[in-house]
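First the proteins, then the strands, lettered A, B, ... as listed; each starts at 1. Fair warning: this is a prediction, and the values are worked out from it, not measured in the lab.
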Amino acid sequence: MIHEYEAVIIGSGGAGLYAALEASKKAKTAVLSKLYPIRSHTGAAQGGISAALGNVEEDKPEWHAFDTVKGGDYLVDQNAANILAETSVQAVYDLENRGLPFNRTPEGLIDQRRFGGHTRNFGQAPVRRACYAADRTGHMILQTLYQQCIKNNVSFFDEFHIVDVILDQKKCGGIIALELATGDIHIFKSKAVLFATGGFGRMFSITSNAYANTGDGPALLLRKGVPLEDLEFFQFHPTGIYGMGILITEGVRGEGGILRNQDGERFMEQYAPKLLDLAPRDMIARAIMNQISKGKGIKGDQSIYDYVHLDATHLGAEVIEEKLPEISDFSKTYLGIDPAKKPIPVQPTAHYAMGGIPTDENGRVAADGKGSFYEGLYAAGECACVSVHGANRLGTNSLVDLIVFGKRAGVEMAKFVHGSHFLRFPKHPPKSGKALIEKLKENRNGPQPEKIRSQLQKYMTEKVGVYRGEEDMQKALTVINHLREEYKKVSLQDTNKPFNTHLLELLELGNLLDLAYATAFCALDRKETRGAHARNDYPERDDKNWLKHTLAWLKDDRVSVSAKPVDIVKWKPKPRKY
Amino acid sequence: MKITIEIKRFNPEKEKKSYYQKYKVDADPNDRLLDILMVIKRRIDPSLSFRKSCGHGVCGSDAMVINGKEGLACKTLVKKVADKEGAYIRIEPLRTLPVQRDLMVDQKKFFKNYRKVKPFFINEKEVSEKERMQSPQERKKIDQATKCILCVSCYSACPVIQKENPMYIGPASIVQAARFIDDSRDNGFDQRLPELDSPDGVWSCKNYFFCTQVCPRDIQVTKIINMTKKKIKDFNN
């Protein structure tokens, strides 16, 4: 089946929906999602969205921008960070004006709380910058945007999974998708395509990410010759529920929660004397691993000392009920623990890809590191890399990123489609996506996909985790390469066409394998420690050789890397102390 | 421990009738039911079809009927529904909606009803301040209703929809309407009134309380419906 839309948006999380709202004002727009739209993972974001409103204490966008740059260990593109910080103020008001139910101050203003790495006056002390709706801020953003899309009659194609993109040289002419309900292939001709497909934390075994977070957009583009930026920077959130990885928001520490080791010590005093438990996530994740390797962790199920405590018992039941009700619910449901009475067992959990599809501040996808762009191809949200997060994202800035750059991409697309034509459609649309499905159908007696998936997740977690070293990553690369070969032999075991979720899972696994391969490759390549990329064998940041973005390319099934300059317009790199 | 999961299966393309299939699996009492379903799908029977995503009760994908009661598979621990070695857990698709395949149901009708109540913020007045002011007390009034994740559990459990009036817009739609009606900043009450104040609207509800009992977000659904009824009565008087 062939459809024609001026703008097509893949993904219906925060970035996709915001872009859809903007693009649909002026262009015939369709939103495709492999889930129902309100099931997207934006809904799982908890703690808040930062904007220097100054509602409860003095704050400035410039401080927010600086914190973002320093939090990202100076690999942030600074013009983009300025846009992020300045635009977020109006973006938050826009959401409120559209009904988002933020928590309020006694005066009736949007309330704000502290979050990791967000400070007053360039690092002096924590500042209350995160606007929040209890600890379900992402849920409220997703709901509000979906509601607005209903109000504005945006067209949705629910449960459509992207399998191919139509690229003619550096021009995009549409996409090809698999409809889950029928198993049919649909072609969407389009003047502008936005990828807003989210993250890919499912390449790790312990992750806060949804099953759906398999990087379908970036993996597809990587295979189509589009480079991906800064894949080596993957954030491990310090506080995932022990053993399960379910996120426990940084908002717990924003409200005063404290991390403690087996002796009850507030160990962050040793690592970040000024910001303590509100230091950036990469530092806290490392501090936890460090405590564990010193034998200061707490004994887990397998009789090893492998977690620490997040103590919120002193906050009082009322604060927890008012400001952190979801956390309380998760702890009770999954651990049988009331956080008002007992500390929560936590360990780092794979959380967020700082890297992704390289874009400019208007969502245009970069074709190289030298300033050329694809025409009609856009990306926003976690799957994109603007780069406002650099080597380590600050808490709350993911939601800011979605709203600010999702909107900008939508505006840009609407502008672009106005003056452009549909590509003359290729006589033979690309077949690689369809061919992949055919191959899966033709293969017989292939290896168990579950074995491939679990091996991949195990090696990524153990060898390309919070701390990384040459030998480990070499091993991971070898294994992942082997798994990619194995994947080529995998056979489709459910041959029904309608609602074939098994086929969907196999396609997702293929995407994870390619992204994991490129991630491990980039991590091995970068011989320094910066932000979330912590090398045992290169423990220092090396600005002389490595103050640059990485671009990863997949050619003939092999990864190669090139460099892209960092935009440093304002703040020269300094040692990063908190 | 070893338990048996009995799943209602149906593939309309191939089968005339649904049937129950049993799977014997190893389970930890602290496993989520979704973990067990994933083991079955990924290791035993790839054709088993169901939806899932976040895995911790916030996306609303994996609502199903578990031992006769609606719930999210990812928010139901094995120990809550199977207390001992050899225990049985019966899993069925949501009720009141057509089965697409196994545990997947067609949610079109649910979302159509949801859209009827104009589930979006209505206030066309220009904002003079930066944000519309709202006191913490006013904000608190809508807290419950804003938690809804549209998982369809209440709609499935509602005896009215099951047996009396399949056209009833359903509990979730009313909760979503109340979320705006009770919001001090919204003034779209009269626009939502025609759908709500109709035989298929709030007046279909007979206070069975099943919606409240199954809501995985602990929303007092029936109470919200009754408060909405009262609001409509007061307005009409």
| request: Decide, yes or no, whether a salt bridge links B/Lys108 with A/Glu159 under the criterion of side-chain N to carboxylate O below 4.0 Å. | output: no

So, the part of B/Leu150 with a heavy atom under 4.5 Å from chain A: the answer is both

For B/Leu48 and A/Thr501 the tightest heavy-atom approach is O-OG1, 4.1 Å

Okay, A/Leu180 and chain B: the region with an atom under 4.5 Å from a heavy atom over there is side chain

Turns out that what part of A/Pro498 lies under 4.5 Å from chain B's heavy atoms comes down to both

Cut-off 4.5 Å, heavy atoms of chain B, and the answer for A/Ile246 is side chain

Charged N to carboxylate O under 4.0 angstrom, A/Asp494 versus B/Lys41?
no

Tell me whether B/Arg185 is salt-bridged to A/Glu96, with the criterion being a basic N under 4.0 Å from an acidic carboxylate O.
yes

Quiz item: Mind checking whether B/Phe111 and A/Tyr36 have parallel, tilted or perpendicular rings, split at 30° and 60°?
Solution: parallel

If one checks every heavy atom of B/Ile149 against chain A at 4.5 Å, the contacting part turns out to be both

The reported gap from CD1 in A/Ile110 to CD in B/Gln134 (rounded to nearest 0.5 angstrom) is 10.0 Å

Whatever's closer than 4.5 Å to a heavy atom in chain A on B/Asn11 counts as side chain

Greatest number of non-hydrogen atom pairs under 4.5 angstrom with chain B, of A/Glu505, A/Glu107, A/Met140, falls to A/Glu505

Original post:
If you count the non-hydrogen atoms of other residues, nucleotides and ligands that lie under 6.0 Å from NZ in B/Lys141, is the total more than 12?
Top reply: no

Minimal heavy-atom distance between B/Asp143 and A/Arg136, with the atoms involved, is OD1-NH1, 3.7 Å

Rounding to 0.5 Å, atoms CG (A/Asn97) and CZ (B/Phe121) come to a distance of 8.0 Å

Comparing B/Gln107, B/Met104, B/Glu13, B/Lys14 against chain A, the one with the most heavy-atom pairs below 4.5 Å turns out to be B/Gln107

From the list B/Ser47, B/Ser49, B/Ser53, the residue making the most non-hydrogen contacts under 4.5 Å with chain A is B/Ser53

If one checks every heavy atom of B/Ser135 against chain A at 4.5 Å, the contacting part turns out to be backbone

Which of A/Gln448, A/Arg453, A/Lys451, A/His502 passes side-chain contact (heavy atoms from CB on, under 4.5 Å) with B/Arg42? It is A/Arg453

Legend entry - Side-chain touch A/Tyr211/B/Arg51, heavy atoms, less than 4.5 angstrom: no

Max heavy-atom pairs within cutoff under 4.5 Å with chain B, candidates A/His41, A/Gln143, A/Lys497, goes to A/Gln143

Are A/Asn55 and B/Glu131 close enough that a side-chain donor and a side-chain acceptor fall under 3.5 Å? yes

query = Is there a salt bridge (Lys or Arg N to Asp or Glu O under 4.0 Å) between B/Glu124 and A/Lys151 once you walk through the steps?
reply = CA-CA 13 Å; B/Glu124 302 307 334; A/Lys151 188 178 180 182; 3.5 Å; yes

Max heavy-atom pairs within cutoff under 4.5 Å with chain B, candidates A/Val89, A/Thr105, A/Leu503, A/Ile150, goes to A/Ile150

When the 4.5 angstrom heavy-atom criterion is applied to A/Asp111 and chain B, the contacting part is neither

Closest heavy-atom pair, B/Arg139 versus A/Pro101, reported as atoms and distance to 0.1 Å, is NE-O, 2.8 Å

Open item on the list: Are there over 12 heavy-atom neighbours, none belonging to B/Lys130, within less than 6.0 Å of that residue's NZ?
Closed with: no

Cut-off 4.5 Å, heavy atoms of chain A, and the answer for B/Asp186 is neither

Okay, B/Phe50 and chain A: the region with an atom under 4.5 Å from a heavy atom over there is backbone

In terms of heavy-atom pairs under 4.5 Å with chain A, the winner among B/His56, B/Met133, B/Arg32 is B/His56

Query raised in the report: Taking everything shown except A/Glu318 itself, do over 12 heavy atoms lie less than 6.0 Å from its CD?
Result: no

Interface check, chain A: of B/Gln176, B/Met38, B/Lys140, most non-hydrogen pairs under 4.5 Å belong to B/Met38

Note: vs chain A, highest number of non-hydrogen pairs under 4.5 angstrom among B/Pro119, B/Gly57, B/Cys151, B/Pro12 is B/Pro119

Cut-off 4.5 Å, heavy atoms of chain B, and the answer for A/Arg98 is backbone

Whatever's closer than 4.5 Å to a heavy atom in chain A on B/Arg132 counts as both

If one checks every heavy atom of A/Asp329 against chain B at 4.5 Å, the contacting part turns out to be side chain

A/Arg39 and B/Ser61 have their tightest heavy-atom pair at CD-OG, 3.4 Å

The interface call for A/Thr144 against chain B, heavy-atom contacts under 4.5 Å, is neither

The interface call for B/Lys118 against chain A, heavy-atom contacts under 4.5 Å, is neither

Bottom line for A/Tyr146: the part with an atom under 4.5 Å from chain B's heavy atoms is side chain

Scored by heavy-atom pairs under 4.5 Å with chain B, the best of A/Thr333, A/Asn496, A/Ile38 is A/Asn496

d(B/Ser184 OG, A/Arg104 CZ) to nearest 0.5 Å is 7.5 Å

Applying a strict 4.5 Å limit to non-hydrogen atoms, the region of A/Leu35 in contact with chain B is side chain

